[in-house]
Number of protein chains: 2
Amino acid sequence: MGTVGKAVSLLEKLGRGAPEAALADLARRAGFDKATTRRLLVSLIEHGLVEQDETTRLYRLGAGIARLALLREAQFPFLRMAVPVVEQLAAETGETVHLSEYSKRGLISVHVVESAKANRVSVQLGEVLPLHATASGIAFLAFTEEHVRAGVLAGPLPAFTPHTIGDAETLAEHIAAARARGHSTGSQGYEEGVLSVAAPILGADGLAIGAIAVAAPRVRIQKGDIERHGASVAAAARGISERLFGRLPGRKQA
Amino acid sequence: MGTVGKAVSLLEKLGRGAPEAALADLARRAGFDKATTRRLLVSLIEHGLVEQDETTRLYRLGAGIARLALLREAQFPFLRMAVPVVEQLAAETGETVHLSEYSKRGLISVHVVESAKANRVSVQLGEVLPLHATASGIAFLAFTEEHVRAGVLAGPLPAFTPHTIGDAETLAEHIAAARARGHSTGSQGYEEGVLSVAAPILGADGLAIGAIAVAAPRVRIQKGDIERHGASVAAAARGISERLFGRLPGRKQA
DNA sequence: AATGTCGTTGCAAATAGTGAAACGATCATG
DNA sequence: CATGATCGTTTCACTATTTGCAACGACATT
């Protein structure tokens with residue numbers, strides 16, 4: 001692993017778990033030498049990506065991270081454009097709605113509006129959702145480039161619940177169905193007892209850049225809810241694309 | 001400069017200017033060799049901090065940045081706690097209010113509510129505000145550790161306008177006055193024609209972690225406005241500290 | 001006191017990063 | 001249509017940065 005890989009890996013370790021971490025703890029979790037870990041951390045501190053408590057010597061993510069994220073949002077206002085639509089969809093459905101953006105490993109949940117109901121689905125911000133095990137992931141896969149889809153179908157499909165789709169064939173069917181309908185459904189593939197409906201958010205080139213999903217406890221879903229929410233979530237996804245790119249992107253044939 | 005420094009420097013170059021940048025452009029701006037620049041970028045891409053448009057080959061900041069920022073906000077909910085107070089202060093004063101957080105180089109503006117008035121002060125999100133030239137910076141310096149304050153007083157004090165405080169002695173007086181009053185004032189030190197009033201947001205140890213400021217066009221400020229806004233902004237800053245840390249931190253003697 | 005763990009620093013060994021050059025591809029320009 | 005410039009990419013020998021071990025004092029626990 002290159003040096004920058006190690007540095008980023010430390011940032012991720014700092015992001016998980018407790019708000020602050022000790023040097024030896026980080027070195028252990030990352031598998032680096034104490035000396036190496038420390039030198040990487042001081043480099044990151046010098047650039048504001050990490051901060052250190054002067055008295056406890058504990059490390060935490062720095063404000064430079066927030067700065068980069070703000071600059072990015074200024075360049076590509078995904079949240080600013082999408083959040084109002086998410087809120088609207090949450091109000092319309094009364095269920096938890098979450099918005100995610102594609103990145104290397106999977107879909108990163110970037111905004112969540114939780115249902116007001118007592119029994120509701122909860123999603124952690126910044127969490128990476130697996131592409132094969134969530135409605136959002138399947139919606140994304142249905143409208144992404146062939147090589148990404150092929151990569152997921154070829155790779156391992158780890159099970160998160162007993163209901164997680166485990167074989168590539170079934171997954172391919174779900175993806176094809178989602179492409180045909182314009183939205184996907186997920187049934188307890190990631191969390192037990194949760195049903196979801198998701199639609200892809202398409203970029204200017206017609207390929208998915210993220211997804212929006214409605215997630216509800218299984219017990220609350222009535223006949224017809226799936227279809228109703230499916231239409232709503234697909235409309236919301238289109239709305240976000242239009243706000244971001246002006247007109248609705250042409251749908252790419254696969 | 002170490003390797004991680006170079007990598008971070010590329011991230012900052014990507015954050016400034018156009019939403020996407022070409023390899024040769026980045027190499028020139030950063031002063032690195034084309035080959036070096038590319039290798040750093042692919043490392044960053046592998047970890048999701050940078051993305052590349054498959055067809056145009058242009059680079060941009062990746063969703064991994066947003067992920068880290070979200071994880072950080074989950075660990076230390078600065079925005080979640082502060083934003084409502086900022087909105088409230090903006091409504092109360094009718095002027096632009098901005099919130100900033102301290103980092104290595106200066107105060108990073110992390111949230112802004114612009115005045116509804118036509119003639120209003122505008123602040124760029126993610127911008128780094130100089131500590132010696134803004135009301136926020138002086139408020140921060142008045143309640144930070146001695147060595148940080150000394151470092152700023154010792155270092156160069158670049159002028160952004162003809163009104164920027166240029167000598168350490170005057171700056172020290174402003175800082176002392178801010179410490180005595182609990183809030184600071186800034187007069188066209190960073191942007192011409194802008195008057196500001198700011199107060200420090202104190203951490204659990206009584207030292208400043210950021211600042212909140214009201215900024216208005218000079219022409220609109222009446223007698224008494226400074227004092228009124230000073231009291232409001234100081235109260236808002238205390239409110240944020242209390243929301244973040246429970247009780248009001250004890251004020252540290254300097 | 002003794003033992004364990006912590007953060008920090010120095011050093012020689014080695015790995016990882018470096019820049020120049022060459023490549024084909026692409027895009028203006030004449 | 002040919003030319004020249006610029007682009008992104010790859011290779012390779014060289015160098016410098018990074019690395020891990022070991023030792024250190026400080027601290028906390030036993």
Asker: Ring-plane angle category for B:Tyr102 and B:Phe140, please: parallel below 30°, perpendicular beyond 60°, tilted otherwise.
Answerer: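 Ring orientation of B:Tyr102 relative to B:Phe140: parallel.
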Asker: Would you indicate, yes or no, if D:dT18 has its OP1 or OP2 atom less than 4.0 angstrom from a side-chain nitrogen or oxygen of A:Thr36?
Answerer: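 No.
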Asker: Please tell me if B:Thr3 has a side-chain N or O lying less than 4.0 Å from either OP1 or OP2 of C:dA16.
Answerer: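 No, outside the criterion.
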Asker: Are A:Arg39 and C:dG10 close enough that a side-chain N or O sits under 4.0 Å from OP1 or OP2?
Answerer: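 Answer no for this pair, as no side-chain N or O of A:Arg39 is under 4.0 Å from OP1 or OP2.
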Asker: Roughly, in whole Å, what's the span from CG in B:Leu26 to P in D:dC7?
Answerer: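 Going from CG in B:Leu26 over to P in D:dC7 covers 12 Å.
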Asker: Using atom CG of A:Leu41 as one end and atom P of C:dC6 as the other, report the distance to the nearest whole Å.
Answerer: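 Value for this atom pair: 15 Å.
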Asker: Kindly say if A:Arg38 contacts the phosphate of D:dT19, meaning a side-chain N or O under 4.0 Å from OP1 or OP2.
Answerer: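 Answer is no, no contact under 4.0 Å.
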Asker: Under 4.0 Å between a side-chain nitrogen and a carboxylate oxygen: does that hold for A:Arg67 and B:Glu127?
Answerer: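 Not counted as a salt bridge, because no side-chain N and carboxylate O are separated by less than 4.0 Å.
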Asker: Considering heavy-atom distances to DNA chain C, does A:Met1 or B:Phe32 have its closest nucleotide positioned more toward the 5' end?
Answerer: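 Result: A:Met1.
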Asker: Send over the distance from B:Glu54 CD to D:dT9 P, rounded to a whole Å.
Answerer: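 Atom-to-atom, B:Glu54 to D:dT9, this comes out as 11 Å.
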Asker: Think A:Lys6 has a side-chain N or O under 4.0 angstrom from the OP1 or OP2 of D:dT19?
Answerer: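 Answer yes for this pair, as a side-chain N or O of A:Lys6 is under 4.0 Å from OP1 or OP2.
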Asker: Measure the distance from CG on B:Leu10 to P on C:dT18 and round it to the nearest whole Å.
Answerer: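 Those two atoms, CG and P, are 10 Å apart.
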Asker: Determine, for B:Lys104 against B:Glu12, whether the closest basic-nitrogen to carboxylate-oxygen distance falls under 4.0 angstrom.
Answerer: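 A salt bridge is absent here (no side-chain N lies under 4.0 Å from a carboxylate O).
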Asker: Where each residue is assigned the nucleotide of DNA chain D containing its nearest heavy atom, which of A:Ala35 and B:Leu58 is assigned the position nearer the 5′ end?
Answerer: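 Between the two, 5'-proximity favours B:Leu58.
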Asker: Among pairs that include at least one residue of residues 29-44 of chain A, which meet side chain to side chain donor-acceptor pair (under 3.5 Å), considering only residues two or more places apart or in two chains?
Answerer: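 Found A:Asp25-A:Arg29.
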Asker: Give a yes or no on whether a salt bridge exists between B:Arg72 and A:Glu20, defined as a side-chain N under 4.0 angstrom from a carboxylate O.
Answerer: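 The answer is no: the pair does not qualify as a salt bridge.
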Asker: Below 4.0 angstrom from OP1 or OP2 of C:dT8, is there any side-chain N or O of A:Arg57?
Answerer: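 Yes, because at least one side-chain N or O of A:Arg57 sits under 4.0 Å from OP1 or OP2 of C:dT8.
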Asker: Give the rounded distance in Å between these two atoms: CZ of A:Arg28 and C1' of C:dG4.
Answerer: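 Between C1' of C:dG4 and CZ of A:Arg28: 12 Å.
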Asker: Whole angstrom is fine here: how far is it from CG in B:Leu23 over to P in C:dA25?
Answerer: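 Interatomic distance, CG of B:Leu23 to P of C:dA25: 18 Å.
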Asker: Heavy atoms under 4.0 Å, any strand shown: does B:Ala24 hit a base, just sugar-phosphate, or nothing?
Answerer: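 If one applies the 4.0 Å heavy-atom cut-off, B:Ala24 turns out to touch the sugar-phosphate alone, with no base involved.
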Asker: Expressed as a whole number of angstroms, how long is the span from A:Lys34:NZ to D:dA22:C1'?
Answerer: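 Nearest whole value for this atom pair: 10 Å.
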Asker: Please tell me which of A:Asp33 and A:Val4 maps to the more 5' nucleotide of DNA chain C, matching each residue to the nucleotide holding its nearest heavy atom.
Answerer: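 The residue mapped nearer the 5' terminus is A:Asp33.
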